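Below is one structure, written out as structure tokens; the observations come after it.
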Amino acid sequence: MTGCRIKIIYLIAIAFFLIGSGLCRAEYDYIDITNPFLRKIPIAVPLFKKMSSGDATAQLSIKASDLLSETLEFTGYFKILDRGAFLADPQTDAVFSNINPQNWTSIGAELLITGGVLIEDNMVEMELRLYDTFKEQLLVGKKYTGGINDQRGMVRLFCSEVIYCLTGDRGIFNSKIAFVSTSSGNKEIYICDFDGYNPKRFTHAESIALTPAWSSDGKWLAYTSYEKGRPDLYIKHLKEKFGAVIAKNGINTTPAWVPGKFALAATLSFSGDQEIYLLTGTGKISKRLTYKWGIDLSPTWSPDSKQMAFVSKRSGTPQIYIKNIDSGLVKRLTFQGYYNTQPSWSPKGDILAYSAMEEGRSNIFLIGIGGEGPVQLTHNEGDNESPSWSPDGNLIVFSSTREGPSRIYVVTAYGTDKRRLLALKGEQTDPEWSPRIVD
Amino acid sequence: MRKKLWISLALAFVIPGLLFTASCAKKAVEPEPAVAEDDAAAKAAAEKAAAEEAARKAKMDATELFLYEEIYFEFDKSDLLPESQEVLRRKAEFLKDNPDLMVIIEGHCDERGTNEYNLALGDRRASSAKAFLVNLGIAGSRLTCISYGEERPSDPGHNEAAWAKNRRDHFTID
């Protein structure tokens with residue numbers, strides 16, 4: 001347990017130096033890929049030991065150990081070591097007892113995950129263990145039982161345990177991503193797992209759906225749809241599909257749920273001017289939040305819901321502003337360039353991601369809430385828009401046309417490990433990362 | 001002998017002189033007619049397009065013309081250009097002649113910039129036209145604004161010509 005504690009401190013230290021101090025110190029080295037702290041932890045994940053005979057077990061051994069590697073790699077924390085370099089064979093060597101740490105430290109592995117899989121009467125038993133190879137300590141040990149189709153769930157549960165042990169945070173493995181896709185020929189909202197797995201169509205309106213937003217309990221989705229011919233705002237319970245519609249004159253759009261509350265901010269223009277209002281979860285206006293003539297839209301809340309960032313054209317070009325809800329004071333946050341929109345407040349509270357258009361191209365930027373930076377995360381690779389934070393504040397999902405059609409990509413908050421999340425037919429835009437979902 | 005000398009002298013002085021003249025001529029004179037020709041060609045093309053456009057409009061009845069004529073905007077702007085105001089005055093006359101018609105004003109944007117912002121910008125473009133028509137005496141209750149942002153371009157191109165066509169208000173009869 002002390003080994004685990006030390007590791008926690010170690011990783012938190014990394015996170016602090018990467019996110020915290022970069023902003024405090026200076027604007028330019030906020031993201032520095034040569035930063036020595038940006039060191040991935042080498043981890044070995046040998047194929048899980050087959051505890052029963054047969055092809056099904058052999059397949060499960062490969063699939064589950066690969067899936068576990070990929071799931072951990074997704075976080076950006078780890079370097080998954082090549083199995084070809086391993087000195088020990090988990091099928092013959094001891095898996096759970098008498099592990100020889102030197103076999104792993106000598107190939108550079110600081111962490112080791114061993115597993116055993118058993119299939120009996122169509123039930124799967126998976127035992128997984130995380131070791132610190134240098135301290136020669138078992139950090140996590142779990143056994144899961146379930147159906148053959150539950151293997152992904154088991155692997156994710158264990159990954160969640162691993163991340164919790166190493167960082168003190170439950171991770172993102174039960175989060176989802178909502179996005180807009182034209183796969184069916186119309187813009188509809190889809191929802192996939194955090195890693196792009198299992199995309200499912202959520203709306204079937206055959207019109208235009210835009211700007212999905214998750215409630216902080218993960219149970220509700222608000223979005224704009226032209227289902228009735230106009231841009232109305234829909235509030236829907238994800239499972240039960242009931243909810244409310246705000247269908248005032250003009251636009252009803254860019255919803256943003258207040259953290260921890262059944263309430264949301266949204267842009268409505270029934271007054272003849274685009275202003276941001278606070279709405280109840282049932283769609284009733286409870287308060288007006290902006291008062292300037294000109295476009296105000298795209299609210300995003302600080303995690304403590306005391307501040308709201310939004311886009312306003314009050315100074316002549318679209319820029320990002322922050323409003324203190326209690327005092328009512330509004331301050332301008334962005335001063336670089338002439339087109340800064342789509343703010344997304346980090347769950348860690350200290351940074352906003354947004355998209356900026358310069359010379360006709362859109363890119364993702366980060367800026368501290370005190371105006372530190374900004375730092376550019378994407379460069380010369382198509383148009384990059386709609387940033388949204390993972391619930392742990394470590395990753396950013398965004399859309400990009402870098403490969404031609406718009407697709408969805410993920411990048412770490414330090415600008416590293418850019419990868420495509422998924423590619424469906426048509427174009428994918430407007431990704432929105434959910435909070436941690438409690439199913 | 002003397003003849004040869006004359007020829008040499010002629011070559012020595014006259015030919016470089018000719019060359020010099022020629023190079024001057026090339027630099028100073030030739031490009032100008034080329035530009036003028038381009039201008040003339042562009043002007044002719046524009047005049048031809050305008051004439052075709054006028055001929056097309058002349059064939060339309062009042063309703064067709066009302067549905068056909070759009071108004072256009074500059075990038076990230078929602079204020080009405082002088083030519084747009086002309087078009088809207090014609091639309092106001094038409095609506096006074098047809099007092100039972102209800103109209104939808106669609107506000108559109110080009111693909112540049114972000115969807116959400118363009119939704120708001122399209123809303124303002126539609127509202128600009130509505131406000132102008134209301135000032136000309138058309139009842140606001142007859143005019144509904146719908147913003148489509150950048151979702152429904154009329155020209156799928158990715159260049160300034162396409163963008164200029166897409167930054168528009170389109171009018172339909174409800």
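None of these values were measured; they are calculated from a predicted model. Chain letters run A, B, ... following the sequence lines, proteins first and then strands; every chain starts at 1.
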In residues 269-277 of chain A, which residues are in contact with chain B at a heavy-atom separation under 4.5 Å? A/Ser269, A/Asp273, A/Gln274
More than 12 heavy atoms of other groups within 6.0 Å of A/Lys228 NZ: no
Does any heavy atom of chain A fall under 4.5 Å from the side chain of B/Ser78, the backbone, both, or neither of them? neither
Give the minimum heavy-atom separation between A/Gly250 and B/Asp123, together with the two atoms involved. CA-OD1, 3.9 Å
Give the member of A/Asp430, A/Leu210, A/Thr254, A/Asp383 that has the highest number of heavy-atom pairs under 4.5 Å with chain B. A/Leu210
Does atom NZ of A/Lys292 have more than 12 heavy-atom neighbours, drawn from other residues, nucleotides or ligands, at distances under 6.0 Å? no
Between chain A and each of B/Lys130, B/Arg152, B/Glu151, B/Arg124, count heavy-atom pairs under 4.5 Å; write down the option with the most. B/Arg124
Give the interface residues of residues 63-77 of chain B toward chain A, defined by a heavy-atom separation under 4.5 Å. B/Phe75, B/Asp76
What pairs with A/Tyr223 under side-chain hydrogen bond (donor to acceptor under 3.5 Å, both in side chains), at least two apart in sequence or on another chain? A/Lys236
Part of A/Tyr338 within contact of chain B (heavy atom distance under 4.5 Å): neither
Below 4.5 Å, heavy-atom pairs only: which of A/Asp296, A/Thr211, A/Ile251, A/Thr267 has the largest tally toward chain B? A/Ile251
Atom of B/Ser147, atom of A/Pro231 and distance for their closest heavy-atom approach: O-CG, 3.9 Å
With a strict 4.5 Å heavy-atom criterion, list every residue of residues 100-119 of chain B that contacts chain A, or say none. B/Arg112, B/Gly113, B/Thr114, B/Asn115, B/Glu116, B/Tyr117, B/Asn118, B/Leu119
Would a 4.5 Å heavy-atom cut-off, applied to side chains only, mark A/Asn249 and B/Cys145 as touching? no
Looking at every non-hydrogen atom in both residues, tell me the closest pair between A/Ile295 and B/Ala120 and how far apart they are. CG2-CB, 3.7 Å
Within a 6.0 Å radius of atom CZ on A/Arg230, are there more than 12 heavy atoms belonging to other residues, nucleotides or ligands? no
Kindly check if the number of other-residue, nucleotide or ligand heavy atoms within 6.0 Å of CG (B/Asp97) is above 12? yes
Check the surroundings of atom NZ in B/Lys57: do more than 12 heavy atoms from other residues, nucleotides or ligands lie under 6.0 Å from it? yes
